[in-house]
Amino acid sequence: MRTISVRAHGKVNLHLGVGDAREDGYHELVTVFQSLSLSDVVTLEIDDEETVATGSIVSGLTATGLDAASVPQDATNLAWRGVDTLVDFYRARHGLGSLPRVRIRIEKGIPTAGGMAGGSADAAAALLAAHILVTETMPALDQTTLDALAAELGSDVPFTLRGGTMLGTGRGEQLTPMLSRGRYHWALVFSKQGLATPEVFGHLDQLRDQGREIGPSLDTTDLAHALMTGNAEEVAGHLANDLQAPAVSLRSDIARTLDLGKQAGALAGIVSGSGPTCAFLCRSELHARDVLDDLLSEGVYSGATATGPAHGAYLIDG
Ligand code: ATP
């Protein structure tokens with residue numbers, strides 16, 4: 001049996017401005033993504049002995065590693081959906097014939113339901129792995145088409161496919177690369193219990209309806225300038241997240257973690273995306289390790305250090 005393995009990275013939002021809910025239920029976003037060194041690996045185990053002409057080519061899925069117990073192992077898994085989306089597109093548009101049956105293996109290093117786009121990274125990795133498999137016999141898709149398929153899978157999937165530092169608008173799927181100098185060092189604190197992204201957006205709407213003034217933080221100019229300096233202290237002064245207030249309101253442990261990070265000497269702390277992961281920007285790798293050690297000694301659930309920006313999804317084997 002042969003394999004194709006693709007790595008994809010998690011993200012933190014340096015800026016997450018949330019506008020009004022649109023007619024389609026999504027909120028209008030202005031966000032700055034930075035991909036982080038934390039990553040998952042999606043492997044297609046290819047059985048060339050058995051071919052499939054209709055229906056899903058995926059026969060099963062297993063996940064191991066961080067939070068693996070919370071990862072669905074059926075066709076609802078975003079990696080499974082990534083393979084199906086790519087194959088269905090080729091069948092509809094390019095008359096794709098039969099393909100070998102595959103099993104999906106996911107090694108998780110990104111927390112699940114942690115606001116770090118773990119599922120989205122797996123969708124991007126699976127889309128790319130399936131594209132590599134299909135283009136053994138078919139012409140390749142251009143980047144715009146791959147991005148459009150990624151956006152069908154989820155708002156964060158195009159970014160996890162591309163990586164780096166990007167401005168995201170629309171529901172976060174319309175991407176513009178941003179200039180960013182240097183490397184940024186983070187201490188991350190994970191939670192035992194995840195937070196569902198729609199719940200956090202819904203709670204933001206509720207808080208706003210009750211009169212709480214939360215953003216919308218739609219101007220990224222200062223952050224863009226700070227990123228060009230490559231100075232973490234400058235960047236630390238311009239982190240913003242409109243989902244932080246609702247995430248903290250839903251989960252009191254987040255406020256405590258953010259306080260502890262400040263006391264531990266982090267340059268700044270922010271809820272990552274819809275949370276509950278908290279991300280602390282630090283001066284250096286050593287500083288990030290010190291901050292994390294401090295937080296762990298205060299009894300936070302678990303954590304890791306990470307650097308950014310990292311890459312998008314890329315082939316590591318196969
Ligand atoms: P985002 O930051 O993009 O809002 P998140 O990091 O908060 O997302 P995910 O880890 O992407 O959340 O998972 C959200 C939900 O998606 C999980 O609770 C899980 O049920 C489901 N899911 C589907 N596929 C996967 C996958 N491959 N890995 C993790 N979760 C998955």
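Atoms within each ligand, like the ligands themselves, are counted from 1 in listed order. Throughout, residue positions are numbered sequentially from 1 according to the sequence presented. Worth saying up front: this structure is predicted, and the values here are computed from it rather than measured.
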_I'd like to know if K108 pairs up with D67 as an ion pair, taking the criterion as any Lys NZ or Arg NE/NH1/NH2 lying under 4.0 Å from an Asp or Glu carboxylate oxygen._
no

*Check ring pair (Phe, Tyr, Trp, His ring centres under 6.0 Å) between H225 and all other residues, then give those that pass, not counting sequence neighbours.*
none

*Candidate pair S297 and D294, rule side-chain hydrogen bond (donor to acceptor under 3.5 Å, both in side chains), full reasoning*: CA-CA 5 Å; S297 72; D294 243 51; 5.0 Å; no

*Within a radius of less than 6.0 Å around OH of Y26, do more than 12 heavy atoms belonging to other residues, nucleotides or ligands occur?*
no

*Non-hydrogen atoms closer than 4.0 Å to ligand 1: which protein residues do they belong to? List them by chain and number, please.*
K11, V71, P72, N77, L78, I106, K108, P111, T112, A113, G114, G115, M116, A117, G118, G119, S120, D122, D156, T197, S274

*Do H94 and F89 touch side chain to side chain, with heavy atoms closer than 4.5 Å?*
yes

*Assess whether atom CD of Q73 is packed by more than 12 heavy atoms of other residues, nucleotides or ligands within 6.0 Å.*
yes

